[in-house]
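The structure presented is a predicted model; accordingly, all values stated were derived computationally and were not measured. Just follow the structure's listing: the first ligand is 1, and inside any ligand the first atom is 1.
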Amino acid sequence: MARTAGRHFLQIPGPTQVPDRILRAIDMPVIDHRGPEFGVLGKNVLDGIKDIFKCAGPVIIYPASGTGAWEAALTNTLSPGDKVLMYESGHFATLWKGIAERMGLVPEFIEGDWRRAAAPEKIGERLAQDNGHEIKAVCVVHNETATGCTARIPEIRKAIDDARHPALFLVDTISSLGSIDYRHDEWGVDVTVGGSQKGLMLPPGLSFNALNDKALQASQHSKLPKAYWGWQEMLSANGNGFFPYTPATNLLYGLSEAIDMLKEEGLDNVFSRHDRHAEATRKTVVHWGLEVLCQEPKEYSSALTAIFLPDGHDADALRGVIKDKFDMSLGTGLGKVAGKVFRIGHLGDFNDLTLLGTLAGVEMGLGIAGVPHAKGGVQVAMDFLSK
Ligand SMILES: *Cc1c(COP(=O)(O)O)cnc(C)c1O
């Protein structure tokens, strides 16, 4: 393949661009994971990551993709045949449900139309009917990466409490952690699932379970098999900064750097940066005359925007043109919305000019692919960002 000059625009909603600082931090000789230097690194990241989840309890770090941490959250807390309440917010919620089924759990899926996030009132209604407390856990995706809708986690917590239901609350923050406000303890979540390659700006390969006491208690009684994913083995080794098996040492160097970077910028500033870029993106999309997939403004995602193409236009053909001409990758439509939508990732290490370059690439691509649209969308974003 011919060389393309300049940096590739990786504007999918994860993996995201890895900042040079993190790449340099990872570029180190591998050390003995049972030696004294490792203990220091391990303690540093195990401690630092708690501030990102806003969690006082332990955070487990797995050398695995986010899918592994989904499985870990379930296998550590539940028993074969347990009923779990899940919500069809989109493709990722559907994948998590599939995992629960294959593990011998019995998920009940509240139907959704993929244009809204998980609805607190529907979850509350279902729990209120469950007088025998057969439902053992409620599992929700915070930011549905397939649709760009973000669930209101505190309202879902309140719905569980109002129904006086003892179910565990498990939340997937794989595409929101480090991009969208999230508070494990304050919001009363029992297990939070996270991943490295989205808002945390790292390469793929690490994932997380943030816990509280209720989750730890559940793990004492749960009967699903626990081996690689077992929290107890992890927690005993983690006490001194070590792991029960070979950890992803060099990614942990990167994680330490990522935590420093998020703290230097300040998490609140990180979140408002994402809010602002998401708003600029939506204003541009509206100007183009295209439709944002998410139908509810209070659920708009600050991490990504999914956009419908008009009928008769193939979103993947547009993505292909943009990749060929401008060396930019955009997210494909997943599952039910395949071919109909494309997704712009505006999360992670991202600034005003990265956004303008991204939007310019999309606007030029729309022209080349013959998708009807109003020109001047990038100007709208420029006006908004320079205000
Ligand atoms: C990316 C993603 C996953 C899957 O993570 P992998 O690292 O691909 O296993 C799960 N849930 C959400 C919300 C995601 O965005």
**Q** Check this for me, if you would: do Lys43 and Asp47 make a salt bridge, where the nitrogen-to-carboxylate-oxygen distance has to be below 4.0 angstrom?
**A** no
**Q** Salt bridge or not between Lys387 and Asp383? Use side-chain N to carboxylate O under 4.0 Å.
**A** no
**Q** Please report the closest heavy-atom contact between Ala303 and Asn143, naming both atoms and the distance.
**A** CB-ND2, 3.8 Å
**Q** Does a donor on one side chain sit under 3.5 Å from an acceptor on the other, for Ser272 and Asn269?
**A** no
**Q** Please evaluate residues Arg157 and Asp161 with respect to the criterion salt bridge (Lys or Arg N to Asp or Glu O under 4.0 Å), reporting the C-alpha separation (whole Å), side-chain torsions for both, the decisive distance (0.1 Å), and the verdict.
**A** CA-CA 6 Å; Arg157 173 75 260 172; Asp161 293 343; 2.9 Å; yes
**Q** If the threshold is 4.0 Å, N to carboxylate O, is there a salt bridge linking Glu299 and Arg152?
**A** yes
**Q** Polar pairs, ligand 1 vs protein, N/O only, below 3.5 Å.
**A**
unit_1: ligand 1; atom_1: 7 (O); unit_2: Gly66; atom_2: N; d: 2.8
unit_1: ligand 1; atom_1: 7 (O); unit_2: Gln197; atom_2: NE2; d: 2.7
unit_1: ligand 1; atom_1: 9 (O); unit_2: Ser65; atom_2: OG; d: 2.6
unit_1: ligand 1; atom_1: 9 (O); unit_2: Gly66; atom_2: N; d: 3.2
unit_1: ligand 1; atom_1: 9 (O); unit_2: Thr67; atom_2: N; d: 2.8
unit_1: ligand 1; atom_1: 9 (O); unit_2: Thr67; atom_2: OG1; d: 2.5
unit_1: ligand 1; atom_1: 11 (N); unit_2: Asp172; atom_2: OD2; d: 2.7
unit_1: ligand 1; atom_1: 15 (O); unit_2: Thr145; atom_2: OG1; d: 2.4
unit_1: ligand 1; atom_1: 15 (O); unit_2: Lys198; atom_2: NZ; d: 2.7

